[in-house]
Amino acid sequence: RGGRGLAPGGERRMELGVVVVPLAPEPDPAPWDAVIVRAHRIDPAARVAGHKTLSWLPWVLARREAVERGAGLALVATVDGDVAEADHANLFAVLDGVVVTPPLSRGVLPGITRERVLETLRREGKPAREAPLTPGDLAAAAEVFVTSSLDGVRAVGRVEGRAIAAPGRLTRWLASCVTTA
């Protein structure tokens, strides 16, 4: 609580609101169709980059553009042009047998399921690295998948109209290893 405006005076007290809804996992969800949107760009140097904030507007606009373009998932690039994350999930691609995900320094959220995937790959001795992903990398990827606490590991079956065999072998394996609970 406090006064109005950008520099509220008076008493400050934090309050918390929570909305609880039952989560019914989708049985064997279909792979996402994804496009790289123009409605939103991530600036890795911005102070809010890599943080969850109360403003969902950029993500709402990104998803709206994806849906208008016939896809269900928006992939969001940085101001530098590399593809950083999805509108609600972390992004991964399998390039020449190596699982690649953008590093946190590119402004992505440090997702819990993202970290579980990386830990699983390290533990099992599977090649993985954090590196920027370009649109060309996604076009050449053998597999593309996203991770989130609500969806777990979910395949992407099409990026910018290019079909990708989905779910791929590695995506299926990770989905069975990494739980969202």
Side-chain angles (χ1 to χ4, degrees), residues 6 17-19 21 23-26 29-95 99-118 130-168 171 174-175 178 180:
L6 296 177
V18 178
V19 176
V21 295
L23 178 63
E26 190 176 340
W32 286 108
D33 284 349
V35 293
I36 301 168
V37 297
R38 295 173 290 279
H40 175 52
R41 292 281 188 248
I42 296 169
D43 181 354
R47 288 183 164 228
V48 297
H51 297 281
K52 272 193 178 179
T53 68
L54 294 177
S55 175
W56 279 55
L57 183 59
W59 307 112
V60 169
L61 295 175
R63 177 64 67 94
R64 182 178 294 168
E65 179 185 333
V67 169
E68 288 171 357
R69 292 175 54 198
L73 183 69
L75 299 179
V76 181
T78 69
V79 294
D80 302 317
D82 52 301
V83 185
E85 62 187 347
D87 54 30
H88 76 287
N90 293 111
L91 176 64
F92 290 80
V94 180
L95 302 170
V99 178
V100 181
T101 190
L104 299 179
S105 63
R106 300 312 296 150
V108 303
L109 288 173
I112 295 167
T113 307
R114 175 188 184 273
E115 186 56 36
R116 287 182 178 163
V117 163
L118 293 172
E130 294 181 68
L133 287 170
T134 67
D137 291 331
L138 295 178
E143 297 180 44
V144 175
F145 61 91
V146 294
T147 63
S148 74
S149 292
L150 296 179
D151 275 345
V153 177
R154 187 162 173 185
V156 174
R158 189 173 294 276
V159 175
E160 292 291 332
R162 177 190 168 262
I164 303 167
T171 303
L174 284 165
V178 179
T180 58

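Only heavy atoms go into these numbers, but all of them, side chains included; no hydrogens, no water, no symmetry mates. Note that the numbering runs from 1 along the sequence shown for the chain.
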Leu118 side, atom CG; Glu130 side, atom CD - distance, nearest 0.5 Å: 5.5 Å
Under the salt bridge (charged side-chain N to carboxylate O under 4.0 Å, His left out) test, residues paired with Glu68 that sit two or more places apart: none
Reference residue Val94; test side-chain contact (heavy atoms from CB on, under 4.5 Å); the match among Ile164, Val100, Val99: Val99
Indicate yes or no: at least one non-hydrogen side-chain atom of [X] is less than 4.5 angstrom from one of [Y].
{"X": "Thr113", "Y": "Leu150", "value": "no"}
{"X": "Pro102", "Y": "Val83", "value": "no"}
{"X": "Val156", "Y": "Leu91", "value": "no"}
{"X": "Val178", "Y": "Thr147", "value": "no"}
{"X": "Val153", "Y": "Arg116", "value": "no"}
{"X": "Arg114", "Y": "Phe92", "value": "yes"}
{"X": "Asn90", "Y": "Val108", "value": "yes"}

[X] side chain vs [Y] backbone, donor-acceptor pair below 3.5 Å:
{"X": "Glu85", "Y": "Leu109", "answer": "yes"}
{"X": "Arg162", "Y": "Ala140", "answer": "no"}
{"X": "Glu115", "Y": "Pro110", "answer": "no"}
{"X": "Arg154", "Y": "Ala30", "answer": "yes"}

Sequence neighbours left out, what passes side-chain contact (heavy atoms from CB on, under 4.5 Å) with [X]? Give chain and number order.
{"X": "Val67", "result": "Arg63"}
{"X": "Ala74", "result": "Val37, Ala62, Ala66, Asp87"}
{"X": "Ala165", "result": "none"}

Could you tell me which non-hydrogen atom of [X] sits nearest to which non-hydrogen atom of [Y], and how far apart they are?
{"X": "His88", "Y": "Leu73", "result": "CE1-CD1, 3.5 Å"}
{"X": "Thr171", "Y": "Glu143", "result": "OG1-OE1, 2.6 Å"}
{"X": "Ala166", "Y": "Gly157", "result": "CB-CA, 3.6 Å"}
{"X": "Ala89", "Y": "Ser148", "result": "CB-CB, 4.1 Å"}
{"X": "Pro44", "Y": "Val79", "result": "CD-CG2, 4.2 Å"}
{"X": "Val146", "Y": "Ala86", "result": "CG1-CB, 4.0 Å"}

Contact list for residues 29-46, test side chain to side chain donor-acceptor pair (under 3.5 Å), sequence neighbours left out: none
Salt bridge (Lys or Arg N to Asp or Glu O under 4.0 Å) pairs, two or more places apart, involving residues 71-83: Asp80-Arg106, Asp82-Arg106
